[in-house]
Amino acid sequence: MRHLAQIGRDLADVFTFRQIGAGDDHHEEIKTSLDRSEIGILLISADFLASEYVAGVELPALIEGDKRLFAVVVGQCDHEHLTSNLYAPWGLTPLKTMTEPERDEVYTEVARELRRALGS
């Protein structure tokens, strides 16, 4: 999120599930944010791929909504069936296998690509 902070201040609303408050309707908050979004960043891991909520709610809303999707592979997982159709010019090397400076390079490239996609 720190790499997206400036984009969130200048160009777009950046949504993360951590913004959902206690007692809020989580499903409705996520659905509303997915409906409003133009771009999605998928942080792909084995947990992401195993999630029934991601598979049944989030991914269909993003894919059927014709959003621009960026893929960032966080950990080792069988992602090829999904990432072959997603935008990832920084590559698909899992972030967990990288050094901290290498991860920062990927995050910086994601932020640059988002800024371009948002027209800035």
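- In this structure a side-chain-to-backbone donor-acceptor pair under 3.5 Å is present from S45 to F48.
- Classification of R36 and E29 as a salt-bridged pair fails, no side-chain N sitting under 4.0 Å from a carboxylate O.
- Here the shortest heavy-atom pairing between G75 and P94 reads C-CB, 3.8 Å.
- Looking only at side-chain heavy atoms (C-beta outward), L49 and H81 come within less than 4.5 Å of each other.
- Counting only heavy atoms from C-beta outward, the side chains of E80 and L92 never approach each other to under 4.5 Å.
- Atom CD of E28 has more than 12 neighbouring heavy atoms from other residues, nucleotides or ligands inside a 6.0 Å radius.
- The side chain to side chain contact (heavy atoms under 4.5 Å, CB included) with I39 is formed by just one residue from the set L62, L118, L69; it is L118.
- Between R103 atom CZ and T108 atom OG1 the span is 12.5 Å, to the nearest 0.5 Å.
- Summarising the geometry of R116 relative to E109, their closest heavy-atom pair is NH1-OE2, 3.8 Å, with the distance given to 0.1 Å.
- For the pair L42 and V72, the minimum side-chain heavy-atom distance is 4.5 Å or more.
- In terms of heavy atoms, A117 sits closest to R68 at CB-NH1, 3.4 Å.
- Taking both residues in full, the closest heavy atoms of A88 and A71 are given as CB-O, 3.5 Å, listed atom of the first, atom of the second, then distance.
- Annotation: the span from I44 atom CD1 to L95 atom CG amounts to 10.5 Å, rounded to 0.5 Å.
- With sequence neighbours excluded, the residues forming a salt bridge (charged side-chain N to carboxylate O under 4.0 Å, His left out) with D35 are K31, listed by chain and number.
- The closest side-chain heavy-atom distance from V74 to D47 is not below 4.5 Å.
- Contact annotation: the side chain of L43 never approaches that of V73 to less than 4.5 Å [non-hydrogen atoms, C-beta and beyond].
- Shown here for E113 and Y87, the closest heavy-atom pair between the two residues is OE1-OH, 2.7 Å.
- Under a cut-off of 6.0 angstrom, the local environment of NZ in K96 is sparse, with at most 12 non-hydrogen atoms contributed by other residues, nucleotides or ligands.
- Separating the CZ atom in F70 from the CG atom in L86 is a distance of 10.5 Å, to the nearest 0.5 Å.
- Within a 6.0 Å sphere centred on CD of E102, heavy atoms belonging to other residues, nucleotides or ligands number more than 12.
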